[in-house]
Q: 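I'd like to ask you about the structure that follows.
All values reported here derive from a predicted model rather than from experimental measurement. Letters go in sequence order (proteins before strands), and every chain restarts at 1. Just so you know, these numbers use all the heavy atoms, side chains as well, and skip hydrogens, waters and symmetry mates.
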Amino acid sequence: MDRRRFMKSMGFAGAAAAAGCSRAPVSLEEWQDGAESWAPTVCQLCPSRCGLLARVVDGSVVKLEGNPLHPLNQGRMCATGHAALQSLYGADRIRGPRLRIGGKGSSRWKQASWEEALGAAADWLKKLRTEGRSHTLAVLDGSSSVLVERLWRRFLQAFGSPNYIRDDPAAASELSSYLLQGERQAPLYDLENASYILSFGADLLGQWSHGMQAQRAFGRLRQRGPAAQIKLVQVDSRFSLTAARCNQWIPIRPGTEGALALGLAYVLIREELFDQALLEGETFGFSDWKDAAGQTHPGFRTFVQQRYRPDDVSALTRVPVEVLIGVAKEFAAHRPAIAVIGQGATRHTNGLQNAMAIHALNALVGGVRQPGGMLLRGAIPIKDWETALKPTVAKGQPRIDGASGTLAHSPGGLMEHLERGTPYPLGALILHDCDLESLSPDPARFRAALARVPLVVTFSSFDDASAELADLVLPDSLFPEGWQFGDCWLGNGASVLGVSKPVAPPLRDTLPAADSLLRIAAKIGDEVAAALPFYDSEALLKFWAQGIFEARRGMLFADPFEAEQLRALESRGWWIPWSESYEEFWGQMLAKGGWWEPHTPPVPQRYSTPSGKFEFAPLRLQEVKSRGQPGEDEAWLPHYEPPRTVGDVQEYPLYLNLYRPAAMAGQDSGRPPWLLEHPEPHLKTGWGPWVEIHPRTARDLGLKDGDSVWVQSPRGKALLKARIFAAAMPEVVSIPLGFRPDEELRGLQAKEFDPHTGRAVDCLTRVRLQKA
Amino acid sequence: MARWAMVIDLDKCTGCQTCVYACKAENNIPVSKIPDRTISWMDLLTIVEGEYPDVKARFIPRPCMQCDHPPCTKVCPVGATYRNDEGLVGQIYSRCIGCRYCTAACPYTVKYFNFSDPSWPAEMLASLNPDVPRRPKGVVEKCTFCHHRLQKAREQARAEGRELRPGDYVPACVQSCPADAMYFGDLDDPHSTVTQLARSSRAFRLLEELGTEPKVIYLSEVEWREPHRS
């Protein structure tokens with residue numbers, strides 16, 4: 001580099017290299033200020049769990065980028081990941097463990113040391129055990145990680161409690177899988193290989209649990225050009241990002257997505273656009289069937305043709321008949337076709353029914369367990385626990401949440417039982433990664449109920465609702481600060497396990513939640529400590545990874561060329577060992593960022609349903625009858641139920657749509673200022689929520705852009721700024737969540753406990769607007 | 001000499017704003033509570049046409065165009081903004097007097113003036129990118145195509161005794177885009193991706209009629225969309 005260019009370049013890199021300015025340009029060593037390194041880490045801000053690389057300078061993370069070797073994000077990273085820097089080094093991170101003093105309801109807190117805090121938790125839990133009340137411990141886990149669940153279940157089993165309760169926003173989708181396919185997992189969507197993607201209220205490019213996969217699939221889909229004729233169709237009550245970028249937006253009356261799916265099914269069945277041999281021979285309940293008592297029941301085919309004529313469905317959903325028929329024909333003609341079950345369809349009281357109807361649509365076009373359709377998760381062969389546990393102390397004790405049979409978890413049930421103190425009063429409640437506010441129809445009630453639990457523990461990293469209500473806060477480190485494992489899956493079911501060690505020391509006095517749990521287990525002693533003989537997350541991960549080494553499958557992260565080579569070899573039954581010893585394997589795994597299995601074994605064609613087939617008429621629904629379903633044929637089959645609607649249409653003419661913008665998609669992201677500044681591209685507004693209104697609706701109310709407006713529902717009211725948006729549906733007003741305070745906005749929304757999915761779900765709430 | 005350019009495929013862009021935040025993280029962009037003072041070197045322009053139900057939205061990521069005939073450099077009284085021999089339009093913060101002639105001259109509104117001293121909470125100071133200076137109140141700033149990354153890449157190549165390879169130098173926005181909608185490279189290299197894409201029938205530049213010769217090339221959307229049938 002000559003002197004002239006050096007002097008010019010000084011203009012760009014002023015302050016940082018000022019020290020070097022006075023010296024002649026020399027080698028790389030003298031140019032740098034601090035020691036710099038790049039290290040892999042696993043993002044935990046959303047269920048995608050992408051692999052990242054952290055750039056660390058002098059012990060601080062100065063940048064996060066995608067790990068090029070991670071098969072999901074392949075070197076890319078989303079907006080939430082970039083803003084994570086602000087969360088990581090945020091002013092509002094909880095500083096260290098704290099303990100409430102002065103009893104429940106007191107607002108006095110004490111900053112505690114980890115010894116003291118973990119000791120307090122362990123002492124209380126030990127007390128529960130010695131008093132024979134170990135079953136009164138409950139854990140509410142919102143992490144959506146299979147491995148985290150595994151850890152908590154082990155702990156609870158050794159401790160003697162049946163109460164592992166998973167808080168999963170995709171519960172309706174998962175339950176539809178369980179009923180129709182016999183699998184307790186929400187479906188994976190093989191978007192990359194689909195020719196037609198029909199999304200029912202899933203904002204794939206915005207706020208979606210597998211957003212990274214969807215973004216990359218979209219890029220690839222468009223790369224193939226119009227000649228490939230791949231279509232993305234979005235059924236949505238809001239002009240979301242996906243609606244803006246898709247081939248065809250189908251605006252729909254909120255809550256009626258299931259009806260539309262059944263209307264599409266009508267066309268497919270009527271026009272015989274389905275694979276007859278497959279559906280008649282390989283599924284149960286498509287054709288009319290006889291039960292054990294010899295009574296004949298109509299199958300899906302008969303039922304849909306009786307009930308869901310396009311004219312009726314069109315009137316209900318407000319989707320024009322030609323559009324409905326057009327989409328149905330295209331859906332059937334472009335194979336592989338996939339129908340995605342999104343939040344728009346599952347968020348209301350009819351969520352499970354909508355999910356089942358959409359799920360059935362996939363079966364109609366032969367997309368279940370086929371490439372380009374709905375697939376299952378592959379296995380991650382981590383090492384199994386070494387010691388079997390003795391029969392638990394909790395034997396015979398019922399679950400606190402009342403979940404049984406088809407329902408495996410009921411966070412809403414937990415809330416209801418907490419209030420009544422049945423079947424037994426709770427002795428301790430541990431909250432891990434949950435969004436407490438979404439769990440109960442009435443926040444005031446659950447706060448009162450939680451006040452009855454003697455010990456509530458949370459791992460919150462920021463001052464959220466859990467931290468406010470807990471008695472003991474054991475703040476979790478953010479992902480670059482601790483050992484991480486990230487179980488995730490590609491759209492085709494390929495399993496991935498990201499693993500990383502801490503890349504930077506914690507900003508505050510925090511500990512990863514898994515470490516806290518292991519230390520508490522050690523302090524409790526007895527079977528609990530023996531069940532989890534790991535000093536910390538590193539030891540646990542090293543133990544688990546041994547299973548992967550011994551399984552002799554898959555590969556450590558490597559470039560796409562090597563990955564393709566190994567996939568080709570594995571598909572022919574070969575496998576190349578990557579390291580001689582486990583120590584070498586472990587070291588390599590940490591250096592690269594993880595392990596994955598590019599060759600996915602074939603998906604089982606046998607279903608874990610009572611009939612062994614895909615069930616249009618889920619036989620497991622027999623037990624659901626006892627939850628208050630009518631004993632009609634309708635109860636057996638995917639059908640449409642109108643959502644419970646709150647608010648009289650005369651008084652409250654508009655529908656409320658509370659949604660989470662893409663920028664707020666990461667859970668527990670601590671509200672980084674960049675995202676608050678500018679969350680939505682189509683409206684230059686931020687730092688607080690607004691209400692998005694159609695121009696005509698606004699004009700009728702005398703509202704201009706920027707006016708203050710009262711939004712009132714039968715449950716509450718809120719004062720917001722009006723934002724006029726030409727693409728909004730005239731009868732829907734949308735309000736974003738994610739700003740503080742959310743409680744006021746959530747107070748607008750009527751909710752109800754849904755016994756089918758075990759969660760508090762939205763009632764379709766009507767509102768009215770009034771200029772302030 | 002290289003001539004650095006960017007190609008943005010509007011057909012693949014999802015409007016996710018990852019490029020906007022990648023730039024903010026890389027370049028120590030401060031936060032502003034006043035919407036009109038928000039600094040976004042990479043900005044996502046949104047154009048919504050029509051009214052429900054016949055609506056069309058376009059998302060256009062807009063960095064600095066790095067013009068070959070930049071209007072901004074022609075009006076700067078102190079030579080704080082200039083075009084270097086690799087086509088990058090630079091900003092010398094220590095020379096800038098804050099007159100904002102360049103901000104007014106730029107037809108693409110890519111120049112941002114620091115109306116106040118940037119501030120970060122104390123905790124965040126350690127997480128700023130050490131390669132990029134913090135700009136004080138009173139100076140203009142804009143997208144630099146992450147020029148600091150070019151410098152580092154060059155030094156790295158020199159230390160390894162080799163030439164700069166394509167892919168060694170890529171701005172933060174291009175590196176992060178999840179939909180692979182952005183490309184970056186040397187327009188003077190006949191084999192580079194950007195040179196080939198620039199010849200596409202879909203290629204266009206913003207405000208070409210002004211003669212600024214911007215080096216951000218857009219590939220227009222393909223006509224995918226169905227008109228709404230009602």
Q: Report which part of A:Arg508 has an atom under 4.5 Å of a heavy atom belonging to chain B: side chain, backbone, both, or neither.
A: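 Interface part for A:Arg508: side chain.
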Q: Testing the basics here: between B:Thr18 and A:Met77, what is the closest heavy-atom pair and its distance to 0.1 Å?
A: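 Scanning both residues, the minimum pair turns out to be CG2-O, 3.0 Å.
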Q: Report which part of B:Asn28 has an atom under 4.5 Å of a heavy atom belonging to chain A: side chain, backbone, both, or neither.
A: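 For B:Asn28, no heavy atom lies under 4.5 Å from chain A.
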Q: Between A:Glu65 and B:Glu26, does the side chain to side chain contact (heavy atoms under 4.5 Å, CB included) criterion hold? Intermediate values first, please.
A: CA-CA 10 Å; A:Glu65 299 284 2; B:Glu26 179 79 11; 4.1 Å; yes
Q: Contact between B:Thr46 and A:Glu680 at the side-chain level, heavy atoms closer than 4.5 Å - yes or no?
A: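 No. Closest side-chain heavy atoms not under 4.5 Å.
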Q: Taking the side chain as C-beta and beyond, is there a heavy-atom pair between B:Glu51 and A:His694 under 4.5 Å?
A: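 When only atoms from C-beta onward are counted, A:His694 and B:Glu51 do touch, with a gap below 4.5 Å.
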Q: Could you look at B:Val48 and say if it's the side chain, the backbone, both or neither that has a heavy atom under 4.5 Å from chain A?
A: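 For B:Val48, side-chain heavy atoms alone lie under 4.5 Å from chain A.
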Q: Out of A:His682, A:Arg696, A:His678, return the one with the most heavy atom pairs under 4.5 angstrom to chain B.
A: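 With the most close heavy-atom pairs to chain B, the winner is A:His678.
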Q: One thing to verify: whether A:Arg245 and B:Glu221 come together as a salt bridge, which I'm taking to mean a side-chain N less than 4.0 angstrom from a carboxylate O.
A: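 The answer is yes: the pair qualifies as a salt bridge.
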Q: Check each atom of A:Trp674 against the heavy atoms of chain B and say whether the ones under 4.5 Å are side chain, backbone, both or neither.
A: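 Both the backbone and the side chain of A:Trp674 come within 4.5 Å of chain B.
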Q: Chain A: which of B:Ala179, B:Cys19, B:Pro178, B:Ala181 shares the most heavy-atom pairs with it under 4.5 Å?
A: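 It is B:Pro178.
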Q: Might you work through the side chain to side chain contact (heavy atoms under 4.5 Å, CB included) test for B:Val31 and A:Gln86, ending with a clear yes or no?
A: CA-CA 11 Å; B:Val31 160; A:Gln86 288 196 322; 3.9 Å; yes
Q: Between B:Glu49 and chain A, with a heavy-atom cut-off of 4.5 Å, which part of the residue counts as in contact: side chain, backbone, both or neither?
A: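 No part of it gets close to chain A.
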Q: For chain A, which residues from residues 118-128 of chain B have at least one heavy atom closer than 4.5 Å to it?
A: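 Listed by number: B:Pro121, B:Glu123, B:Met124, B:Ala126, B:Ser127, B:Leu128.
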